[in-house]
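Written below as structure tokens is the structure these notes are about.
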Amino acid sequence: MARAPGNRGEAASPWMAGLNPEQREAVEALDGPVLVLSGAGTGKTRVLTARLAQLLATGRAKPWEILSVTFTNKAAREMRDRIQSLIGPASEGLRWLGTFHSTSAMILRRHAELVGLKPSFTVLDTDDQIRLLKQVIEAENIDQKRWTPRFLASLIDGWKNRALTPEKVPAEESFLFANGKGAKLYATYQARLKILNCVDFGDLLLETISLFLKEPDLLAEYHDRFKYILVDEYQDTNVAQYLWLRLLARKRRNLCVVGDDDQSIYGWRGAEVDNILRFEHDFPGAKIVRLERNYRSTPHILAAASHLIAANQNRLGKTLWTDMSEGDRVLVRGVWDGEAEARLIADDIEQWRRLGRRYDESAVLVRASWQMRAFEERFLMLQIPYKVIGGPRFFERAEIRDAHAYLRLIRSPDDDLAFERIVNVPKRGIGDTSVQRIGAAARLAGVSLHTMSQQLMGSDELKGAARTGLARFIRQLDHWRQKALELPHTELAELILEESGYTDMLKADKNPQAASKLDNLKELVRSMGQFDTLAAYLEHIELVMDLDRAEEGDSVQILTLHAAKGLEWPLVFLPGWEEEVFPSRRALDDKGDKALEEERRLAYVGITRARESARISFAANRQIYGRWTSVLPSRFVDELPDGHVDAVSDTGYFNQGTGGAAERFAAYGPLSTQPGNGFGTGYESPGWKRAQAAAALGKVASGTVRGFGGPVIDGEAKLLARTGAGDAKYQLGQRIFHDKFGYGAVRHVEGSKLTIAFEKSGEKKVLDSFVRPA
DNA sequence: TCCGAGCCACTTTTT
DNA sequence: GTGGCTCGGA
């Protein structure tokens, strides 16, 4: 594969083919610091992979001498895939391609003793972190209601993002928690982590930095090792990551960072846009390449996004352009409520399908995950296949975490957090009091909970059910540890789940979710099979927190805007553009303009995901915390440019409305007198004026979009037609099961349409094809 | 020790 | 609407 150095036949290199002049420049500037400012859709990943290939082809570095860091596992995986298809097996040597966190973990495992850890340290996730903090707070006798572990966790995270160790926390920030105890609790927490041989996510970076600072010789070794460094999504790096990079790049300065300040959306995680804004200053003589030619979206989409983002003050500024032909304008639509919005989007998708397009060419991008549910319900009802990306993650589910706790306890008996988690799951008669008692004794003796439990068996400290239960549990642990030596780890996991009574517990559980929990556990065992050993499996999941999930064919994607970064679809839906939803209320409350600009960047990311059509929508009413609230269109709607947007609203609703929402809209002026065409005559907001203007010009064929917010019965009528009214398969009163809503009883039958009284979620209308007899 | 009723705060976004 | 937590009774 490797081309001899000096061979100039780049045209023959597959990775150089078709690059535009700027991209080529970014690929060929191999030495010294380089900043590639890469706008949305300008071929960033392409440049990065070509650059990697070029480094290898020119013989400047061997695969293992290149450090490539990305921000997310997904990005790392994609880069690996892309480079592999570009240069083939030579890519396998790219050992140092990963996220900041996984790379740090690799380095730390090699030198753990130097920072007071054992190489087998555990990486805690947020849940464990909070449980540990809870103990720390409890031990200080601080009121947990007033000062929540969650809040302390977020403070500590923030400090770690800024590379602040406990002693460096500014006094006034320490006062943000429990009257000045913040830094002290942070220090206690760090000490506990060391005792438990654990690190949290932030520590992975911080410990690596302190390792390098403490051991200059070691740092020098890594300087020799990493001849070239590539960083993706540089705009998302925080202070700790910046320091980490600066240490590693200090000697050779062969650092290439790629990013887009307009797509910096992780400020809440400590990302510093400043890192990218001052790259030139930090690395004098840096070469800067701007990629501005967009290959993804139509001019209207690009113009809408560019105009919106121009409202931000704090940016480097760039001008995206494309030579694509016109295409559709960005569509902005107002609807009555969240349900109507889901209906509208589902209808659009069905129409898209009728045009011969695929489901997976479309995506629904939401601000927050709670917004996903309306779409799931609608899609389920219409049998539109969909896939939620992100969402409640597999490894964060309680049953999976429980299973992992068992496995962790097999790996390291002294993992107290794991012990505590499952000592009474399933119930063994070991209640809080007993666990507290064991904990107190363990702390006094300076041993782990497991060790103390063994010792207590020889004493009369515990009585009755607690004693027998604990004795049995300890015996079982020993037994499983024995089995671990003989059985493959997947069989071990199955054995533990059986013998511990965990699966029996779920089988006996009447809750409708219990069945899916069992499925999840099966999935867990299956996925363990991808790894050779238990240790390898645990290592992987702690860091990656995700598995390659089986691709499930053609389906609509539902995901958050954050998760959408770096992806693209021909048809993109952007629902929920309402004040306090998007921009989110939190962002507005928190930090004023800075946060608002980040929300705007998020909107920019959203629009630029679309290749052919971007469809924004907002509702007049929304259920928030289970209460109906009337809401206003997002300010971002008003920031979209005339001429690139088609605005439509079904104002028929506002005529009939008698509730708060109608009044709120009425504040814009008199209500529409022309129900159906959708446009009133006296609205003041620019967005509405634009909508009006568009309608007047006949830009919007009202027939094509009218009625999308029609009364509920429309949707139902269609449903009936679609499934036909077959023989009634269900009897009144019959008990049934529904995948989403659980168990219920049939209340009413009308053809294939059933009214079911669900035990958990009340009365709903569903189609018989979605339920089965219970 | 366990379990249900009632109260509460809560929803960003991810390694 | 939800899920987590506390409290009181079995």
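Reminder, nothing fancy here: chain letters follow the sequence lines and each chain counts from 1.
Backbone-only contact: Arg150(A) has heavy atoms under 4.0 Å from sugar-phosphate atoms and none from a base.
Closest to the side chain of Lys145(A), out of dT6(C), dG1(C), dT15(B), is dT6(C). For Asn73(A), whose side chain is taken as the heavy atoms from C-beta onward, the closest listed nucleotide among dT15(B), dT12(B), dT14(B) is dT15(B). Closest contact between the side chain of Tyr266(A) and the listed nucleotides dT2(C), dT15(B), dT14(B) involves dT14(B).
Note on Arg131(A) versus Glu420(A): no salt bridge recorded, every NZ/NE/NH1/NH2 to OD/OE distance being 4.0 Å or above. By the 4.0 Å N-to-carboxylate-O rule, Arg373(A) lies too far from Glu376(A) to be salt-bridged with it.
In this structure, Thr433(A) reaches the dT1(B) phosphate: one of its side-chain N or O atoms is under 4.0 Å from OP1 or OP2. OP1 or OP2 of dC10(B) has not a single side-chain nitrogen or oxygen of Thr148(A) nearer than 4.0 Å. Between Ser369(A) and dT13(B) there is a side-chain N or O to OP1 or OP2 distance below 4.0 Å.
Remark on DNA chain B: of its neighbouring residues Gly626(A) and Ala465(A), the 5'-side contact belongs to Ala465(A), judged by nearest-heavy-atom nucleotide. Each of Trp370(A) and Thr99(A) lies near DNA chain B, and the nucleotide nearest Trp370(A) is the one positioned closer to the 5' end.
Taking atom P in both dG4(C) and dT13(B), one finds a spacing of 15 Å when rounded to whole Å.
Looking at Arg269(A), its side chain comes within 3.5 Å of the base of dT15(B) through a donor and an acceptor atom.
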